[in-house]
Amino acid sequence: MAKPTHTSVTEEPCTCGYLERAADDPTLPIVYDAQLNEYHFEYPSPCAEGECEQAKASLMIYHCPFCGGAVPASKRGLLFAVIPPQEERRLYKLLGDIKTLDAATRVLGPPDDDNPHGLTEQRAEREGAPPTVESFRTLRYSGLSDTADVYMEETRIGGVHFWLQGKYLGPPLAGGDAEPPDGLERQGRT
């Protein structure tokens, strides 16, 4: 078993059973998502003007709060397509000469999403400088690949940063009988 997060200090699994018991207790804020094999702290969402009184916010649990053991591996990755290496190379070659977001729209056409505050970066106070929050314009292209969504963000120094994300496929197929949406193949599944 791999460590649940890059900051985890252990990969020893939880063996005390606290999370299972807590998720079964409706008076506690711990819930279990069987489909994703994940535990979350769930609490009311802080909404403006009380318009979403029933809305919930959640925080994923990576370690048991009682014994500190790691929770079971999440199945969240099964919700997304695996990007084959040859597709990754093709996309990065296509994007290689793009140095600005304006150039991206000239070369690739209009994006599927153009979010002026797409990526937000928070920096803690350091060396006497106050904490900051900065947003960066982010473009998303969904039509360039059958398996990947392409994201681009402007950088602090005026360049562009790219990343690929496997397309959302939905929950894992039970029994493997149904077809994935849009004819996408479920790659990397066992």
Side-chain angles (χ1 to χ4, degrees), residues 1-48 52-85 88 113 115 117-127 129-136 138 140 142 147-153 155-156 161-176 180-181 184 186-190:
M1 173 178 168
K3 292 197 279 187
T5 73
H6 71 282
T7 59
S8 294
V9 296
T10 185
E11 55 188 56
E12 290 296 318
C14 169
T15 57
C16 75
Y18 172 77
L19 286 169
E20 292 89 349
R21 291 188 306 278
D24 289 337
D25 184 340
T27 66
L28 295 176
I30 296 175
V31 297
Y32 176 67
D33 183 330
Q35 184 177 10
L36 297 178
N37 198 37
E38 294 176 351
Y39 289 93
H40 299 99
F41 289 112
E42 193 173 82
Y43 48 93
S45 179
C47 296
C52 53
E53 188 174 310
Q54 298 302 317
K56 302 273 187 209
S58 67
L59 176 65
M60 192 161 163
I61 299 172
Y62 295 98
H63 296 274
C64 173
F66 189 75
C67 74
V71 299
S74 170
K75 296 179 182 176
R76 185 173 296 270
L78 298 176
L79 300 175
F80 300 91
V82 174
I83 306 166
E88 185 178 330
D113 184 49
N115 188 337
H117 305 287
L119 181 73
T120 301
E121 184 179 283
Q122 296 181 359
R123 291 181 169 219
E125 177 184 347
R126 64 191 182 285
E127 299 177 14
T132 61
V133 177
E134 192 172 2
S135 342
F136 299 92
T138 305
R140 178 181 51 85
S142 293
T147 56
D149 286 336
V150 176
Y151 289 84
M152 301 174 200
E153 69 169 353
T155 65
R156 185 173 286 106
H161 170 74
F162 305 101
W163 72 94
L164 308 177
Q165 178 175 303
K167 286 188 183 280
Y168 177 72
L169 298 173
L173 299 174
L184 291 176
R186 291 188 182 271
Q187 303 172 28
R189 305 273 169 120
T190 54

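Basis for what follows: all heavy atoms, side chains included, without hydrogens, waters or symmetry-related copies. Bear in mind that the values here come from a model prediction, so they are computed numbers and not experimental data.
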Would you check if [X] and [Y] make a side-chain contact, meaning some heavy-atom pair closer than 4.5 Å?
X: Leu164; Y: Val150; value: yes
X: Pro84; Y: Thr147; value: yes
X: Tyr18; Y: Cys67; value: no
X: Ser142; Y: Lys167; value: yes
X: Ile30; Y: Phe41; value: yes
X: Asn115; Y: Tyr151; value: no

Main chain of Phe136, side chain of Arg156: is a donor-acceptor contact present, judged purely on distance under 3.5 Å?
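No.
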
Please give me the minimum heavy-atom distance between [X] and [Y], naming the atom from each residue.
X: Gly166; Y: Phe80; answer: O-CD2, 3.3 Å
X: Asp33; Y: Leu36; answer: OD1-N, 3.1 Å
X: Met60; Y: His40; answer: CA-CD2, 3.5 Å

Once you round to the nearest 0.5 Å, how far does [atom1] of [X] lie from [atom2] of [Y]?
X: His161; Y: Thr138; atom1: NE2; atom2: OG1; value: 9.5 Å
X: Thr10; Y: His63; atom1: OG1; atom2: NE2; value: 7.0 Å
X: Arg21; Y: Cys16; atom1: CZ; atom2: SG; value: 6.0 Å
X: Gln165; Y: Arg140; atom1: CD; atom2: CZ; value: 9.5 Å
X: Asp149; Y: Ile83; atom1: CG; atom2: CD1; value: 8.5 Å
X: Thr132; Y: Glu125; atom1: OG1; atom2: CD; value: 11.0 Å

Who passes ring-ring contact (aromatic ring centres under 6.0 Å, His included) against Phe162, sequence neighbours left out?
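Here no residue qualifies.
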
Partners meeting side chain to side chain donor-acceptor pair (under 3.5 Å) with Asn37 (sequence neighbours left out):
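By the side chain to side chain donor-acceptor pair (under 3.5 Å) rule, Asn37 matches Tyr32.
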
Please list, chain by chain and in numerical order, all residues satisfying side chain to side chain donor-acceptor pair (under 3.5 Å) with His6, sequence neighbours excluded.
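With neighbours one apart ignored, the set is empty.
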
